[in-house]
Amino acid sequence: MREETVHYLNKKEEALVHLLTALGINKNVASVLVFLAGTPEATSRDIEHGTGLRQPEISVAVKHLIGRGWIRSRPPLPEHTGRRTKVYELARPFATIATSIEKEKKEETDRGLALVKKLHNYLP
């Protein structure tokens, strides 16, 4: 029988999930992202066990993260037998992802301020 270790989100990682959700990132997406930041690679089953999310929630989050270019998937190594599940890993360092989030938030704030300035043009 093969022995496996399961990574679970620790208190610091849970705090990071809460911070990302406060920034407007979906909680499931944040959970998967933080989980993958804490482990070199994981299957969806690993993510399910480590985060407490259900498989459909993980699938939606993974699709979103792949679309953002933050994670990537690959087939499992040949020595793994049984059902062929994909293996997920970060596509770039977490610090780069954080910088990307920062840039998006700055752009979002700038757009909001531009609209407020435009609003002032309509005032008497």
Side-chain angles (χ1 to χ4, degrees):
M1 180 184 281
R2 193 174 73 190
E3 189 177 308
E4 292 184 21
T5 351
V6 179
H7 171 78
Y8 294 95
L9 294 179
N10 61 35
K11 295 285 184 198
K12 185 177 177 182
E13 290 168 327
E14 288 176 4
L16 182 53
V17 169
H18 290 296
L19 180 59
L20 289 169
T21 57
L23 288 168
I25 295 176
N26 174 282
K27 185 177 181 182
N28 296 343
V29 170
S31 295
V32 172
L33 180 61
V34 170
F35 181 84
L36 289 173
T39 187
E41 59 183 26
T43 64
S44 57
R45 186 177 251 339
D46 297 333
I47 297 167
E48 185 177 356
H49 289 289
T51 62
L53 296 174
R54 296 176 302 123
Q55 186 57 49
E57 296 167 326
I58 294 166
S59 294
V60 171
V62 161
K63 188 174 185 176
H64 177 80
L65 290 166
I66 289 173
R68 301 280 317 251
W70 291 353
I71 69 170
R72 63 179 163 242
S73 68
R74 64 170 177 74
L77 297 174
E79 69 261 7
H80 288 73
T81 58
R83 188 164 184 230
R84 312 252 322 146
T85 59
K86 292 180 181 175
V87 176
Y88 301 100
E89 60 191 4
L90 289 183
R92 55 188 57 163
F94 190 79
T96 304
I97 294 169
T99 301
S100 172
I101 293 169
E102 177 185 8
K103 182 180 174 189
E104 289 171 15
K105 289 300 169 185
K106 283 181 180 177
E107 290 170 356
E108 188 178 301
T109 301
D110 290 346
R111 282 191 303 274
L113 288 173
L115 290 173
V116 169
K117 286 180 183 179
K118 203 172 191 180
L119 174 67
H120 283 287
N121 291 336
Y122 288 97
L123 297 176

Would you sort out whether V116 and H120 count as a side chain to side chain contact (heavy atoms under 4.5 Å, CB included), showing the intermediate values? CA-CA 6 Å; V116 169; H120 283 287; 3.9 Å; yes
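- Screening residues 30-67 for ring-ring contact (aromatic ring centres under 6.0 Å, His included), with sequence neighbours left out, gives H7-F35.
- Residues K86 and S73 approach most closely at CD-OG, 3.9 Å, considering heavy atoms.
- For S44 against I58, the heavy-atom pair with the smallest separation is O-CD1, 3.7 Å.
- In terms of hydrophobic clustering, with Ile, Leu, Val, Met, Phe, Trp and Tyr side chains grouped at heavy-atom distances under 4.5 Å, V34 and V87 are assigned to different clusters.
- Residues I25 and V60 are members of separate hydrophobic clusters, defined by side-chain heavy-atom contacts under 4.5 angstrom among Ile, Leu, Val, Met, Phe, Trp and Tyr.
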Give the C-alpha distance, both sets of side-chain angles, the deciding distance and a yes or no for side chain to side chain contact (heavy atoms under 4.5 Å, CB included) between L20 and V29. CA-CA 9 Å; L20 289 169; V29 170; over 6 Å; no
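- Here the CG atom belonging to L16 is positioned 9.5 Å from the OG1 atom belonging to T21, to the nearest 0.5 angstrom.
- With rounding to the nearest 0.5 Å, the separation of CD in E14 from OG1 in T51 is 10.5 Å.
- Residues V17 and Y8 do not share a hydrophobic cluster, clusters being chains of Ile/Leu/Val/Met/Phe/Trp/Tyr side chains in contact below 4.5 Å.
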Evaluate E107 against D110 for side chain to side chain contact (heavy atoms under 4.5 Å, CB included), listing each step before the verdict. CA-CA 5 Å; E107 290 170 356; D110 290 346; 5.5 Å; no
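- Evaluation of the salt bridge (Lys or Arg N to Asp or Glu O under 4.0 Å) test over residues 48-64, restricted to residues two or more places apart or in two chains, returns R54-E57.
- Atom OH in Y88 sits 11.0 Å away from atom CG in D46 (nearest 0.5 Å).
- Looking at S31 and N28, their side chains never bring a donor and an acceptor atom within 3.5 Å of each other.
- Comment: E108 engages K105 in a salt bridge, judged by a side-chain N to carboxylate O separation of less than 4.0 angstrom.
- In terms of heavy atoms, G69 sits closest to A91 at O-CB, 3.4 Å.
- Smallest separation of non-hydrogen atoms from V32 and L65: CG1-CD1, 3.6 Å.
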Given the rule in the side chain to side chain contact (heavy atoms under 4.5 Å, CB included) test, do L36 and I47 qualify, once you have shown the distances and angles that lead to the verdict? CA-CA 8 Å; L36 289 173; I47 297 167; 4.2 Å; yes
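- In this structure the side chain of L90 reaches within 4.5 angstrom of the side chain of L33, judged on heavy atoms.
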